[in-house]
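Sequential numbering from 1 along the given sequence is applied to the chain's residues. Being a predicted model, the structure only gives us computed values, none of them experimental.
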Amino acid sequence: MNGFALFILIALLVEHGLHWFASWLNLGALRTDVPAAMRGVYDPDSYRRSQEYTRASTLFSYVTSTVDLATLLLFWFAGGFGWLDRWVRSFGFGPVLTGVLFIAALLIGKTLLALPFNAWSTFVLEERFGFNRTTPATFFADLGKGFVLSALLGGPLLALVLWLFLHLGDSAWLWGWVAVTAFLLGVQVILPIWILPLFHRFEPLEDGALRSALERYAGRVGFELGGIFVIDGSRRSNRANAFFTGFGRTKRIALYDTLVERQSVPELVAVLAHEVGHSQRRHVPKMLVLSILHTGLMFFLLSIVLEQAGLFAAFHVAEPSVHAGLVFFTLLFKPIETILGMALGALSRKHEFEADRFAVETVDEPEALATALEKLSTDNLNNLTPHPFFVALHHSHPPVLERLRLIRMAPGSNA
């Protein structure tokens with residue numbers, strides 16, 4: 001076992017242990033009594049069910065991550081990467097198509113391995129706690145559509161990246177960065193028009209008190225709504241949500257039908273105000289810029305790693321190649337990805353606080369944002385007392401109790 005193999009093995013085991021430790025701390029942070037701030041919101045039965053859901057989902061996550069790691073290690077040490085590389089090369093295709101087949105085979109294998117776990121999560125775990133509304137037909141249709149989209153969009157992009165590294169030498173990483181950046185920006189434009197409608201039905205919000213209130217708020221804060229749509233989230237889950245998507249003329253807000261059913265008009269205006277806060281504070285472009293810079297860094301480091309013959313030997317691959325190097329690179333830099341992920345998570349949580357404050361300062365009924373979050377928390381059986389380390393490792397949103405405390409302390413709140 002060479003130095004690359006030893007480093008990657010230790011990194012994988014440490015990362016798994018880190019997530020297990022965070023989950024253990026998180027379960028230990030569960031409290032028997034409903035926190036004072038949520039008494040009257042959570043009844044004892046719903047609070048007990050939220051803790052049961054946290055325990056069940058934590059156990060399920062641990063099992064799936066352990067199986068993933070064990071499968072990877074078994075495939076690695078049994079010489080699976082070397083065997084797969086020899087097999088795809090045996091077809092005699094050029095290096096680009098060979099590379100696409102190599103990576104596609106790994107992704108298909110990973111998808112098939114995850115399939116029974118995803119089915120269990122949907123039809124057993126989520127069903128047990130009253131969330132699932134997905135039928136088997138919808139489940140497999142989504143799987144098929146996702147596969148086709150990956151092939152149509154990801155396949156050509158992967159082929160282009162492989163071609164660039166095969167033909168452009170030292171500048172390949174730069175052109176690869178440009179290509180992926182153009183792809184990311186393009187997806188943001190076509191996502192609400194062509195991709196999301198493949199999975200969800202978008203219906204324009206009908207005229208009435210809600211639409212008038214949302215348009216009136218948007219006009220008051222100078223935010224141009226490209227469209228307000230109701231999305232059929234209830235076809236798949238009992239959970240509620242809302243989001244903005246798209247840029248410029250394709251920009252639109254989508255409200256889950258489950259959200260519209262359960263929230264009052266002032267609460268829905270507050271939810272919209274929170275999303276507008278993300279836009280007005282330019283959180284989306286900021287995160288997009290960071291994503292682009294992150295991509296550039298990864299491409300630059302990849303260009304260095306591809307020159308390291310020891311990395312390929314670590315995975316029993318006799319002939320170095322761009323496609324194998326790309327896969328091994330993702331494993332080698334997992335520790336960096338974990339650290340960067342925690343940093344981006346912290347920034348995301350900061351953005352959520354900023355969007356909450358914007359909403360409180362601009363809506364007519366600031367308390368409506370707090371009651372909207374309380375309803376979402378109870379409906380989704382959120383863990384009210386997550387451990388700070390678990391939050392740092394996994395959460396893109398702050399714990400609901402922190403959000404409620406700051407909302408009710410913010411200037412303009414009448415709580």
Side-chain angles (χ1 to χ4, degrees), residues 22 26 29 35 37-38 41-42 50 54 188 214 217-218 221 223 231 233 239-247 251-256 258-259 262-263 266-291 294 338-363 365-413 415:
N26 200 47
M38 294 293 276
V41 178
Y42 267 84
S50 75
T54 297
Q188 292 298 319
L214 295 177
Y217 169 80
V221 297
F223 183 81
I231 186 174
R239 298 178 187 274
N241 200 1
F243 61 89
F244 271 116
T245 183
F247 282 122
K251 181 172 58 181
R252 59 181 62 179
I253 180 175
L255 305 172
Y256 277 46
T258 47
L259 185 74
R262 299 170 192 165
Q263 305 271 358
E267 288 166 345
L268 289 167
V269 171
V271 170
L272 171 68
H274 172 89
E275 300 298 336
V276 170
H278 282 306
S279 178
Q280 300 295 71
R281 296 293 184 259
R282 304 191 65 77
H283 294 157
V284 173
K286 287 177 182 177
M287 295 300 282
L288 185 59
V289 167
L290 287 176
S291 176
H294 169 258
T338 298
I339 294 170
L340 289 176
M342 293 177 69
L344 290 175
L347 181 59
S348 176
R349 294 191 295 274
K350 178 176 180 290
H351 286 170
E352 293 301 321
F353 284 133
E354 291 176 357
D356 283 346
R357 179 154 185 160
F358 178 90
V360 168
E361 292 174 348
T362 56
V363 296
E365 301 181 35
E367 176 63 13
L369 180 61
T371 58
L373 287 175
E374 289 172 345
K375 286 183 179 179
L376 285 170
S377 179
T378 54
D379 290 343
N380 294 334
L381 298 180
N382 287 349
N383 177 15
L384 297 181
T385 59
H387 191 276
F389 184 59
F390 188 87
V391 172
L393 202 58
H394 293 287
H395 284 210
S396 62
H397 286 57
V400 67
L401 291 182
E402 291 184 28
R403 295 181 69 181
L404 292 173
R405 179 178 62 84
L406 293 179
I407 286 170
R408 287 170 169 148
M409 289 174 55
S413 174

Quiz item: Just by modelled atom types, is the Arg262 backbone N or O under 3.5 Å from a matching donor or acceptor in the Lys375 side chain?
Solution: yes
Quiz item: So, Ser348 side chain and Ser396 main chain: donor-acceptor pair closer than 3.5 Å or not?
Solution: yes
Quiz item: Just wondering, do Pro35 and Leu401 contact through their side chains at under 4.5 Å, heavy atoms?
Solution: yes
Practice problem: Answer yes or no: is there a side-chain heavy-atom contact under 4.5 Å between Leu373 and Arg403? | Solution: yes
Quiz item: Does Leu347 reach the side chain of Leu290, with side-chain heavy atoms less than 4.5 Å apart?
Solution: yes
Quiz prompt | Flag, side chain of Thr385 to backbone of Ala29, donor-acceptor distance under 3.5 Å | solution = yes
Practice problem: Check whether any side-chain heavy atom of Leu214 lies under 4.5 Å from a side-chain heavy atom of Leu255, and answer yes or no. | Solution: yes
Quiz item: So do the side chains of Val363 and Leu369 get within less than 4.5 Å of each other, counting heavy atoms only?
Solution: no
Quiz item: Under 6.0 Å between ring centres, would you say that holds for Phe358 and His274?
Solution: no
Quiz item: Is there a side-chain contact (heavy atoms from CB on, under 4.5 Å) between Thr338 and Leu393 once you walk through the steps?
Solution: CA-CA 8 Å; Thr338 298; Leu393 202 58; 4.3 Å; yes
Quiz item: About how many Å separate CG of Asp356 and CD of Glu354, when rounded to the nearest 0.5 Å?
Solution: 10.0 Å
Practice problem: Please report the shortest heavy-atom distance between Asn382 and Tyr42, naming the atom on each side. | Solution: O-OH, 3.2 Å
Exercise. Measure the spacing between NZ of Lys350 and CZ of Arg281 and express it to the nearest 0.5 Å.
Key: 10.5 Å
Quiz prompt | Sidechain-backbone polar pair: Asn26 side chain, His387 backbone, donor-acceptor under 3.5 Å | solution = yes
Practice problem: Any chance you could measure Thr371, atom OG1, to Leu404, atom CG, to the nearest 0.5 Å? | Solution: 9.5 Å
Self-check item: Side-chain (Arg349) to main-chain (His395) donor-acceptor, under 3.5 angstrom
Solution: yes
Exercise. Kindly indicate, with the supporting measurements, whether the criterion side-chain contact (heavy atoms from CB on, under 4.5 Å) is fulfilled by Asp379 and Arg239.
Key: CA-CA 7 Å; Asp379 290 343; Arg239 298 178 187 274; over 6 Å; no
Practice problem: For the residue pair Phe390 and Asn383, establish whether any side-chain heavy-atom pair is separated by less than 4.5 Å. | Solution: no
Quiz item: Is the side chain of Thr54 donor-acceptor paired with the backbone N or O of Ser50 at a distance under 3.5 Å, no angle test?
Solution: yes
Quiz item: Please walk me through it: do Glu352 and His283 pass side chain to side chain donor-acceptor pair (under 3.5 Å)?
Solution: CA-CA 9 Å; Glu352 293 301 321; His283 294 157; over 6 Å; no
Self-check item: Closest contact, heavy atoms only, Asn241 versus Leu259
Solution: O-CD2, 3.5 Å
Quiz item: Looking only at heavy atoms, which two atoms of Glu267 and Ala372 are closest? And how far apart?
Solution: CB-CB, 3.9 Å
Self-check item: Closest non-hydrogen atom pair, Ala359 against Ala273
Solution: CB-CB, 3.6 Å
Self-check item: Contact summary for Gly233 and Tyr256, nearest pair of heavy atoms
Solution: CA-CD2, 3.7 Å
Quiz item: Do the side chains of Met38 and Ser377 get nearer than 4.5 Å, heavy atoms only?
Solution: yes
Quiz item: Do you know which two heavy atoms are closest between Gln280 and Val221, and how far apart they sit?
Solution: NE2-O, 3.4 Å
Practice problem: State, with a plain yes or no, whether a side-chain heavy atom of Leu340 is found less than 4.5 Å away from one of His294. | Solution: yes
Practice problem: Take Tyr217 and Thr362, measure what side-chain contact (heavy atoms from CB on, under 4.5 Å) needs, and give me the verdict at the end. | Solution: CA-CA 8 Å; Tyr217 169 80; Thr362 56; 2.7 Å; yes
Quiz item: What's the spacing between His397 NE2 and Phe353 CZ if we round to 0.5 Å?
Solution: 11.0 Å
Practice problem: Would you confirm whether Asn380, through its side chain, and Leu376, through its main-chain N or O, come within 3.5 Å as a donor-acceptor pair? | Solution: yes
